[in-house]
Amino acid sequence: MSLKDFDVVGKRVFLRCDLNVPLKDGKITDDGRIKASLPTIKLLLDKGASLVIAAHLGRPKGEAKPELSLAPIAVRLSELLGKPVTFAGAVIGSDVEEKARALKAGEVLLLENIRYLAAETSKDESERAELAQELAKLADAYVGDGFGAVHRKHASVFDLPKLLPHTAGTLVAAEVEVLKRLTINPERPYGVVLGGAKVSDKIGVISNLLGKVDVMAIGGGMVFTFLAAQGKEIGSSLVETDLIDTVKALIKQAADSGVKLVLPTDILVAPTFSIDASATLVSADAIPADQMGLDIGPESAEAFADAIVACKTVFWNGPMGVFEFPSFANGTKVVAKALTQVSGISVVGGGDSAAAVRALGFADSEFGYISTGGGASLEYLEGKELPGLSALDL
Ligand code: ADP
Ligand code: MG
């Protein structure tokens, strides 16, 4: 059942959103995910529901880390909605239950970072089920709209919807719609561009995607594990040494399956990871032992761009360099520009990638779609079943 037909009049709805926005010194640097959550929030409020909104921020790992509180998110959400948002200050407990019970139609309560509770992300089914029972006390119905977390088997994503009448929000529905276009008979050539910092998160999906795409370009922090696998010196660049053998096998798999693997040929290096570090351009074969790679070089960026514009379907996840430092933003900028020139469909996925294209001055409308989920989109493209989608019968 779609959200439009879901009966919420006079009901208290538990809405799982993805409000995991980038913060710097306590300030939100890109509120894209909050904005992306607004249509469902407004639709539910217009339909006469009251809302208990749950979300996570960062990875507090089961501890109440003040710097990962959702308090600043409540402020921004209230500004964007143009109405008060009560901040619960906790996730569960009698005080939160009381605040939830006091909600009138059209009112909003935002819970504290749900990942403050270890049970949310626990691998132990019974721990998650217990938390889900507590959360179920807060509402009469469940709407899942936190696309960025649907690949996680978490209490608020997977276990809770089973306890309440449930449906997907409009964001999740729209995301799935786009991902279907990338998986069901994608127009070819089909290219994927990967970068970013979370090497181990993403390396697992590469093998699967190699069976589906025609071109794969790799940059960002994860590329140094590839260069290391090719026996190159990578200096003090980001690397996951325990994955070097896996990457060697992936490089072979790409060659065997005829996928064009595009790796950088030049790298911008610096002696330290800092905003004012001086950048030096070196060949990817000659990274000095005392330097770290912080962006792909201009020659590589051009090669990536050529590969991208030749494709009819492109998915991009992960910045090509440390775009937060102006001297190391060029690779990401050139790749983003190329995506805007794709004649078929171009999709940008990932919180930092979306923030990067906006920070670099691109408009959302220049891309086919900007997904709010990085890991979730990648796992969907891999063909995996996503717990948060199956819980919503999607
Ligand atoms: P997304 O959120 O889009 O999925 P990730 O979280 O995986 O992307 O990665 C984003 C981060 O990767 C950015 O903060 C960026 O600074 C970092 N990054 C990119 N290239 C490098 C690099 N060469 N070395 C270190 N960090 C990098
Ligand atoms: Mg990220």
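Numbers here are sequence positions counted from 1. What you see below is based on every heavy atom in this structure, not just the backbone, and it leaves out hydrogens, waters and symmetry mates. Whatever order the structure lists them in is the order used to number ligands and atoms, beginning at 1.
- A donor and an acceptor atom, one from each side chain of Thr40 and Asp145, are located under 3.5 Å apart.
- Salt bridge annotation for Asp285-Lys232: present, with a cationic side-chain nitrogen under 4.0 angstrom from a carboxylate oxygen.
- Here's the thing with Gly196: none of its N/O atoms is less than 3.5 angstrom from an N/O atom of ligand 1.
- For the residue pair Glu175 and Ser371, a side-chain donor N or O sits within less than 3.5 Å of a side-chain acceptor on the partner.
- Counting only N and O atoms by type, the side chains of Thr225 and Glu240 include no donor and acceptor under 3.5 Å apart.
- Using a 4.5 Å heavy-atom threshold, the side chains of Val334 and Met320 count as separate.
- For ligand 1, the atoms lying closer than 4.0 Å to a non-hydrogen atom of Val322 are 16 (O), 19 (C), 20 (N), 21 (C), 22 (C), 24 (N), 25 (C), 26 (N), 27 (C).
- Those atoms of ligand 1 that come under 4.0 Å of a heavy atom in Ser353, given as number and element, are 1 (P), 3 (O).
- Which parts of ligand 1 touch Phe224 is read off a 4.0 Å heavy-atom cut-off, strictly below it: atoms 23 (N).
- Taking a cutoff of 4.0 Å between a charged side-chain nitrogen and a carboxylate oxygen, Arg12 and Glu97 do not qualify as a salt bridge.
- Those atoms of ligand 1 with a heavy atom of Asp352 less than 4.0 angstrom away are 1 (P), 2 (O), 3 (O), 5 (P), 6 (O), 8 (O), 10 (C).
- Note on Asp352: its N/O/S atom closest to the Mg ion (ligand 2) is OD2.
- Proximity of Lys202 to ligand 1 is established by a heavy-atom distance of less than 4.0 Å.
- What you find for Arg16 and Tyr142 is that their closest heavy atoms are CB-OH, 3.4 Å.
- When only interatomic distances are considered, the shortest N/O to N/O separation between Phe323 and ligand 1 does not fall below 3.5 Å.
- Each of Phe315, Trp316, Phe362 was scored for a side chain to side chain contact (heavy atoms under 4.5 Å, CB included) with Leu339, with one residue passing: Trp316.
- Taking the six-membered ring for Trp, Phe325 and Phe273 have ring centres closer than 6.0 Å.
- Using a 4.0 Å cut-off to heavy atoms of Gly293, the atoms of ligand 1 that qualify are 22 (C), 23 (N), 24 (N).
- For ligand 1, the polar-atom distance check finds no N/O of Gly374 at less than 3.5 Å from any of the ligand's N/O atoms.
- The shortest contact between atom 21 (C) of ligand 1 and any protein heavy atom is with Gly221 N, 3.3 Å.
- Contacts between Asn317 and ligand 1, counted as non-hydrogen atom pairs separated by less than 4.0 Å, involve the side chain only.
- At the shortest separation from atom 18 (N) of ligand 1 among protein heavy atoms lies Gly321 O, 3.9 Å.
- Distances from atom 9 (O) of ligand 1 to the heavy atoms of Ala197, Gly318, Ala329 put Ala197 nearest.
- A salt bridge links Asp31 with Lys35: at least one charged nitrogen is closer than 4.0 Å to a carboxylate oxygen.
- Across Glu324, Met320, Met292, heavy-atom proximity to atom 15 (C) of ligand 1 is greatest for Glu324.
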